[in-house]
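Every chain is numbered from 1, with letters handed out A, B, ... down the list of sequences.
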2 protein chains.
Amino acid sequence: MPSLVQDVAERAGVSVSTVSRALRGVPGIAESTRKRVQEAAEELGYVASLSASRLATGRTRTVAVVVPLLSKWFFAEVIAAAGRVLSRAGYDVLLTELSTPELRDAFFAAPRLQGRSDGALVLALQLAPEELAALEAQGQAVALVGSERAGASSVCVEDRNGGRAATRHLINLGHERIAFLGIQEAPGSTLGGVPPAERLLGYRDALADAGISPDPGLEFGVGNTVDAGSAAMATALTMAEPPTAVVAASDELAFGALATLRGAGLQVPGDFSVVGYDNHELAGSVGLTTMDHGVAEQGRLAAEALIATLDGAPAAVERLQPNLVVRGSTAPPRRLRAAGS
Amino acid sequence: MPSLVQDVAERAGVSVSTVSRALRGVPGIAESTRKRVQEAAEELGYVASLSASRLATGRTRTVAVVVPLLSKWFFAEVIAAAGRVLSRAGYDVLLTELSTPELRDAFFAAPRLQGRSDGALVLALQLAPEELAALEAQGQAVALVGSERAGASSVCVEDRNGGRAATRHLINLGHERIAFLGIQEAPGSTLGGVPPAERLLGYRDALADAGISPDPGLEFGVGNTVDAGSAAMATALTMAEPPTAVVAASDELAFGALATLRGAGLQVPGDFSVVGYDNHELAGSVGLTTMDHGVAEQGRLAAEALIATLDGAPAAVERLQPNLVVRGSTAPPRRLRAAGS
DNA sequence: TTGGGAATTGCAAGCGCTTGCGACCCGCTG
DNA sequence: CAGCGGGTCGCAAGCGCTTGCAATTCCCAA
């Protein structure tokens with residue numbers, strides 16, 4: 001039913017090879033001929049068969065986006081941004097969610113991207129060297145988001161600085177007992193390897209900078225969910241000497257913490273301060289002070305890096321600086337305000 | 001570099017056609033032969049070239065997921081659920097975001113799915129008849145989520161019932177002045193056509209059922225964003241006779257409303273009740289009473305419907321009933337409680 | 001007028017797999 | 001013992017496009 005190159009060729013009175021070249025903008029075709037061919041193609045509603053040209057060229061013009069969990073806002077946002085860049089550049093976007101360890105293992109065990117895509121955009125996954133090698137063995141150009149590997153392009157944020165800035169903000173307000181809600185890989189996680197422990201390190205840095213002695217009891221490592229944040233916050237409140245503020249390694253955790261605080265009848269920021277990390281879409285609506293790290297921009301930059309790699313550019317890594325966004329969830333601790341008034 | 005059918009054929013001592021058939025499970029191959037071929041393939045790490053088999057068969061084993069806005073939680077969740085079903089069934093998932101009217105028009109103007117996918121899963125978009133026809137003309141099997149079209153499979157929820165149930169819940173609590181925050185297509189929206197006005201109709205139904213005369217001034221139509229909900233709520237509060245409760249057509253709108261209420265110093269549910277719609281991932285953490293409509297299930301069902309269609313089944317439509325999830329954002333209006341105490 | 005070369009275009013050989021059809025091998029029936 | 005039918009397999013013709021290389025045309029300098 002759809003017309004073929006031949007049809008166009010006949011209609012334009014040229015050979016199929018000329019049609020092929022004319023339509024793809026290959027140089028060496030007279031402008032007049034090209035126009036004639038384009039018109040013929042247009043009239044017939046001709047579109048080159050993808051499978052055929054892929055087979056002939058060996059290129060797919062498709063990029064696989066590999067993500068641990070699509071329904072998390074962070075990933076959706078990154079993918080959306082990356083997708084826009086990619087499709088504008090003429091690439092199709094193939095979605096691959098590796099939501100369980102089984103899926104992840106299966107994905108890397110077989111050459112699943114072979115002939116399916118030209119490149120892979122890998123989000124958050126901490127690739128083992130052999131996993132990265134596997135991708136490359138399948139002829140994939142690869143770009144990473146949220147991790148760094150020798151030989152691969154990547155964009156990542158200076159999370160240690162971010163953790164430090166978030167914590168410093170609280171210290172500047174006068175807080176001294178500050179808890180940290182960290183993301184700890186759950187058993188069922190597919191992230192693999194060491195996720196943003198950087199943020200925790202930044203937290204410790206800030207404490208050290210301020211001469212506050214760290215209390216391991218204030219460092220919580222939980223799954224990256226609202227409920228986990230909520231639970232950890234609840235635990236923190238039962239401590240003999242509870243914290244007066246918390247920095248969460250993600251806004252989701254912070255949301256959970258806020259829920260617990262509200263449930264406990266505590267005022268935020270009156271009785272307790274919290275700062276999150278991500279600048280989640282909904283952070284504004286709950287007035288959460290948080291670290292913004294250009295989520296959409298990460299996607300955009302990674303897509304551009306991948307395209308560059310596909311065009312033969314050498315691997316490059318881009319580092320983003322997170323920024324503190326102050327909203328209404330942080331204030332000086334009650335102690336100070338009481339003394340001050 | 002990757003080995004070809006021929007290599008496997010030689011290694012197994014058979015012809016290429018036998019290899020092809022053996023590996024794909026086509027009947028008519030002796031079990032012993034099949035096993036031998038599989039071993040040979042395994043040893044060589046052979047994987048059939050996708051482009052080649054796609055060209056030869058004319059099938060892509062790929063499904064395009066078409067979505068207006070990927071970064072919205074609802075869509076991400078639906079896609080994630082659908083994606084799991086699809087990939088388990090051996091289909092690749094191609095992502096297509098139509099975030100602007102221009103993109104949408106361009107998408108339907110050209111046969112963009114031609115030879116790219118076997119089917120399309122269309123989310124939320126209210127397809128014009130010719131748009132649906134265009135997809136089918138490209139040989140796509142299509143399944144819809146959130147809309148219904150003659151001849152196409154779809155899964156949709158009884159939103160009118162949902163709107164009614166949400167409103168009735170408030171009425172049962174004793175509210176009489178209830179506002180409705182509806183989703184109205186913004187100029188830049190790509191949804192097209194009439195989106196969930198059903199929820200509004202349900203709201204009116206409930207009022208009518210209770211003999212409450214509707215007040216058009218209480219019906220707000222805004223964009224589906226937190227900020228819009230926030231703004232509309234602010235407007236509602238300035239009314240001469242403000243409402244005591246609101247039903248929002250989405251949890252995002254509800255989040256915005258909550259933010260405004262909090263900002264205005266009003267207690268929820270003490271001074272004001274709000275019920276949302278979606279059962280958003282974060283609805284629980286803010287204690288939002290809302291309508292659950294099985295978001296993930298919609299994705300799952302739609303994917304299954306699409307696969308069925310691809311397997312030759314006739315179009316079918318699946319209707320889901322939304323359920324009220326009561327949390328802490330709704331209570332009797334202050335008036336009643338004051339009188340009661 | 002004529003040879004050289006640049007600019008265009010056509011030829012035909014793939015790209016790697018699928019599949020209709022015929023060949024072949026057996027065990028059996030008549 | 002000849003012939004038949006079912007079960008297996010191989011042949012070879014595509015699927016529709018790309019591309020190296022040769023052919024043709026045309027313009028201009030010599």
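A donor-acceptor contact closer than 3.5 angstrom links the side chains of B/Arg54 and B/Thr62.
Every residue two or more places apart in sequence or in another chain was checked for a salt bridge (Lys or Arg N to Asp or Glu O under 4.0 Å) with A/Arg149, and none qualifies. B/Ala56 pairs by the side-chain contact (heavy atoms from CB on, under 4.5 Å) definition with nothing, not counting sequence neighbours. Under the side chain to side chain donor-acceptor pair (under 3.5 Å) criterion, A/Ser154 pairs with no residue, sequence neighbours left out. Every residue two or more places apart in sequence or in another chain that forms a side-chain contact (heavy atoms from CB on, under 4.5 Å) with B/Glu136 is listed here: B/Leu132, B/Val142. With sequence neighbours excluded, no residue forms a salt bridge (Lys or Arg N to Asp or Glu O under 4.0 Å) with A/Arg21. The side-chain contact (heavy atoms from CB on, under 4.5 Å) check on A/Ser20 picks up A/Arg24, with sequence neighbours excluded. Under the side-chain contact (heavy atoms from CB on, under 4.5 Å) criterion, A/Ala106 pairs with A/Arg112, sequence neighbours left out. Taking the salt bridge (Lys or Arg N to Asp or Glu O under 4.0 Å) definition, one finds that B/Arg59 meets it with B/Asp118, sequence neighbours left out.
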* Asked: Taking protein heavy atoms under 4.0 Å as touching, what does nucleotides 13-19 of chain D look like 5' to 3' if B marks base contact, S marks sugar-phosphate-only contact and - marks none?
  -> -BBBBSB
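Within the structure, ring pair (Phe, Tyr, Trp, His ring centres under 6.0 Å) contacts touching residues 24-73 of chain A (residues at least two apart or in different chains) are A/Trp73-A/His280.
Comparing the helix axis at one end of the helix from C/dT1-D/dA30 to C/dG30-D/dC1 with that at the other, each defined from 5 consecutive pairs, gives an inter-axis angle of 60° (nearest 10°).
Taking every heavy atom of residues 27-37 of chain A and every atom of DNA chain C, pairs under 4.0 Å involve A/Gly28, A/Ile29, A/Ala30, A/Thr33, by number.
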